[in-house]
Amino acid sequence: MNIKYIWGVWGVVAALCVGISLTAQAAEIKIVINQSPWFDGFKKTVEKYERETGERVVLDVVPYAAILEKVRNSLRAPRGIYDIPMIGVGWAAEIYSGGFLTPLEEISPGYRLPEHVLDFDGALYWDKERKVMNARSGKLMTLPITGNPELFYYRKDVFDKNSIKVPENWDELTQAIEALNASGDVQYSYIMGGGVDDVLVRFTAYLLSAGGGIFRQPEEGDYTVIFNSPQSLQALEYYLSLVKAGGYPTPASLEQGEVIQLFSTGKSGIANIVAAARGPLTNPESSIIGDRLGVATIPAPAGKTGYFVAGHWVAGIAANIPETQKQASLSFLDWLLKKENQIFLFEVGGVPVRSDLEGTADDPLGFLPVLATSVAHARLTLPIKEAAQINPIVGRYLNEALLGNLEPKEALNRAAAEIVALMRQAGYSSEVLPDL
Amino acid sequence: MKNCKTSGAKHGLWPFFALSPVVVVIVVLMLFPVLNLFYLALHREEWSDGQLQRIFVGFSNIQLFWRDQFYWQGLYNTLVFSVTVVFFQVSIGFLLALTAVGLRYGRTIFIGIVLLPLILPPIIIGAIWRLILNLDLGFLNTVLAFIGVQGPNWLGVPSLAFMSVIFVDVWHWTPFAFLLLLAGLEALPDETLEAAHLDGANSWQRLRYVILPLMWPTFIVTILFRLILSFKVFDEIYLLTRGGPGTATEVISYSIYRAFFAQGQTGLGSVMSLFTMFTIAAVAIILLRLRRKAEV
């Protein structure tokens, strides 16, 4: 055989090897993310990152219902498929406690949460010893991706036309609903989610603002169940009265997607929707009320501070990926949190996670101050890994109360009894208040 | 018998060796997953530092199962759902099969149209019916509004939601019953039917005294298949109502899904799965005995 031919073959093989090796060095970052109202803004920001750095980011976009299982499967495997899993606050504790993520300071020694980046009531930190999210005693495990508290969206044009004051407390909210009902300008005056999987998140702002809750102080290890406290009862009775006055005939089946649909098609005067819905609600292609929209914080009882559910998404870095991938992932996340990139994220429809953007970004809706207030008072109700088991219990009883199958007192008592039984079975020292 | 023994002795271990691939397949594919469920039912899974630990918890998962708030309502709903849908599917399927047998022209087109729901993927069926039954934007309520009737929330009122998923399941699976019953009808002996005809039996008498008794074993098989499949209903519930409102459309498959995948409780999910499996097996055995009696 011709010696030149042999050398030629070896040359091609060598070139291929070099090519493969270079490709391996410039490995892409793989992210699993849910399809959501905030996704478009995030995607455009990722594209900006790719343009600026030349790095490649692959997004595996899955429906909300499927993401948890995809995240679990990847994190539990010997070698993960995804470098960065997006994690919902409702199941973050399960992921933290399983040891599936690398604490960020182990990837970059001394790494701390960048200044002005929100920590969502300590939800980014995990205290391994006490098995609870806690900013004071835990390690930084994740970085926030989207701040997503419930906000009070309303039809500014209808409010102005009928001289309705934007409510700041429960009494004013009741009056606003009555005025909207009397005006006849909208089909439903007030709508919010009430489905089994939705109701706890929607109810939480009322629960917390009234002084109620699920546990007394879980972040400090006090797991006394207070879901059947008089304050929780006050919140539930008020929530039920709101839902009834709001006019939607079957609120117990209403879920967030439908609420967004009803509000964006002009059928409702007020809707409690997550902050991330700002993008689709203001987009003329998906909403007919984009230029007639107002936003505020959800009203609290008169004289009390309003608290809101910390319904955010965070991004962690998988423990089961190579070190180079971890470094690349952290670089990307750190870039995402920089002020100029957060401004860009906001302007393309995303929800930022910094507290210092007010006055710096184009914000005709006045969204940023509302978001800042809501996030500053965002609270975690279930910062423990049993959250995934507790959510359906609470959701079911609240849903039964919405349907009228259970009296509010009975719904709270029964939910509390089941929560304490579950906690004790899981090994916690947990008590419960006497029945209402 | 003696011959058999002689034959067995003559062949030695060969028959066992020949059967072993099938035995291995059965053990691996059927027995092992069930045994694994028993194992999981006695353990709790804990993940720590990325490693799985299975902790023996005795009958603790069974205690959890007894007091589970979703499963028992789901079992009741599933029983009502299964009996109702199977009754309608077999009845309508039989009427359609009789129609198909009697058709002289357009039989293939008729069968094709009847079978259409069966070939649609469940996700499309969910999307179609969700759009039809939507309160504000649904096709059904739009049509009702056109004739001056305000339609209800078909998937939002508990009793209506349950009836709606029953209706969708009947629509989806009646073609399956139709197919089995059509095959049964076409396999009936012509000479028996002709003899009844010659004896002066009218159409109703032929149906009542000849066709129905002869079709009884086919009915049992159809009911058995549909009962087992309807016990496992999941996709329609997941896509249309997710078990709600309240627990109005909760079914056992959805309870198991919730335990395994939403709550991450594999032990509880395993106990639910085993209980469900044995319940379905008991129903199947009863029906098979009925079939045997019918054949005798």
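Below, read A as the first sequence line, B as the second, and so on, with proteins coming before strands; counting in each chain starts at 1. FYI, side chains are in, hydrogens and waters are out, and symmetry mates aren't considered; it's all heavy atoms of this structure.
Neither the backbone nor the side chain of Glu250(B) comes within contact range of chain A; no heavy atoms are under 4.5 Å apart. The part of Tyr188(A) that comes within reach of chain B is its side chain, from C-beta onward, which places non-hydrogen atoms under 4.5 angstrom from that chain. Contacts between Tyr257(B) and chain A at a heavy-atom distance below 4.5 Å involve the side chain alone, from C-beta outward. With a 4.5 angstrom heavy-atom cutoff, Leu135(B) touches chain A only via side-chain atoms. There is no contact between Glu386(A) and chain B, counting heavy-atom distances below 4.5 Å. Looking at Ala252(A), the atoms closer than 4.5 Å to chain B (heavy atoms on both sides) sit in the backbone and in the side chain alike. For Pro152(B), no part lies under 4.5 angstrom from a heavy atom of chain A. Looking at Ala65(A), the atoms closer than 4.5 Å to chain B (heavy atoms on both sides) sit in the backbone and in the side chain alike. Residue Thr241(B): no heavy atom, backbone or side chain, is found under 4.5 Å from chain A. The part of Pro249(A) that comes within reach of chain B is its side chain, from C-beta onward, which places non-hydrogen atoms under 4.5 angstrom from that chain. Heavy-atom distances place the side chain of Glu69(A), and not its backbone, under 4.5 Å from chain B. At a 4.5 Å heavy-atom cutoff, the contact between Gln187(A) and chain B is made by side-chain atoms alone. With a 4.5 angstrom heavy-atom cutoff, Leu137(B) touches chain A only via side-chain atoms. Only the side chain of Gln265(B) comes within contact range of chain A, judged by heavy atoms closer than 4.5 Å.
When all heavy atoms of Ser253(A) and Asn153(B) are compared, the closest pair comes out as OG-ND2, 3.6 Å. Minimum heavy-atom separation, Ala388(A) to Ala262(B): CB-O, 3.4 Å. A pairwise comparison of heavy atoms in Ala421(A) and Arg67(B) identifies CB-NH2, 3.8 Å as the closest pair. Heavy atoms only, all atoms of each residue included: Ser60(B) and Gln425(A) are closest at OG-NE2, 2.8 Å.
Taking the side chain as every heavy atom from C-beta outward, Asp136(B) and Glu258(A) never approach each other to under 4.5 Å. Between Ile393(A) and Gln69(B) the shortest side-chain heavy-atom distance falls below 4.5 Å. Contact check for Gln263(B) versus Asn391(A): no side-chain heavy atoms found under the 4.5 Å cut-off. Side-chain contact between Val196(A) and Arg242(B) is absent, with no heavy atoms from C-beta onward closer than 4.5 Å.
Around atom CD of Gln150(B), no more than 12 heavy atoms belonging to other residues, nucleotides or ligands sit under 6.0 Å away. Within a 6.0 Å sphere centred on CZ of Phe146(B), heavy atoms belonging to other residues, nucleotides or ligands number 12 at most. Within a 6.0 Å sphere centred on OH of Tyr76(B), other residues, nucleotides and ligands contribute 12 heavy atoms or fewer.
In this structure, CD on Gln389(A) lies 8.5 Å from CG on Leu268(B), to the nearest 0.5 angstrom. For the atom pair Trp47(B) CH2 and Ile95(A) CD1, the distance stands at 10.5 Å (nearest 0.5 Å). Once rounded to the nearest 0.5 Å, the distance linking OG1 of Thr247(B) with CZ of Arg396(A) reads 4.5 Å.
Of the listed residues Leu406(A), Leu403(A), Leu422(A), the one with more heavy-atom pairs under 4.5 angstrom with chain B than any other is Leu403(A). With chain B as the partner, the residue from Lys128(A), Glu94(A), Arg414(A) showing the most heavy-atom pairs under 4.5 Å is Lys128(A). By number of non-hydrogen pairs under 4.5 angstrom with chain B, the leading residue of Tyr397(A), Tyr248(A), Trp91(A) is Tyr248(A). For the set Leu402(A), Asn399(A), Asn405(A), the entry with the most heavy-atom pairs within less than 4.5 Å of chain B is Asn399(A).
Comment: Asp197(A) does not engage Arg258(B) in a salt bridge, judged by the lack of any side-chain N to carboxylate O separation of less than 4.0 angstrom.
Arg72(A) contributes a side-chain N or O that, together with a main-chain N or O of Phe261(B), makes up a donor-acceptor pair within less than 3.5 Å.
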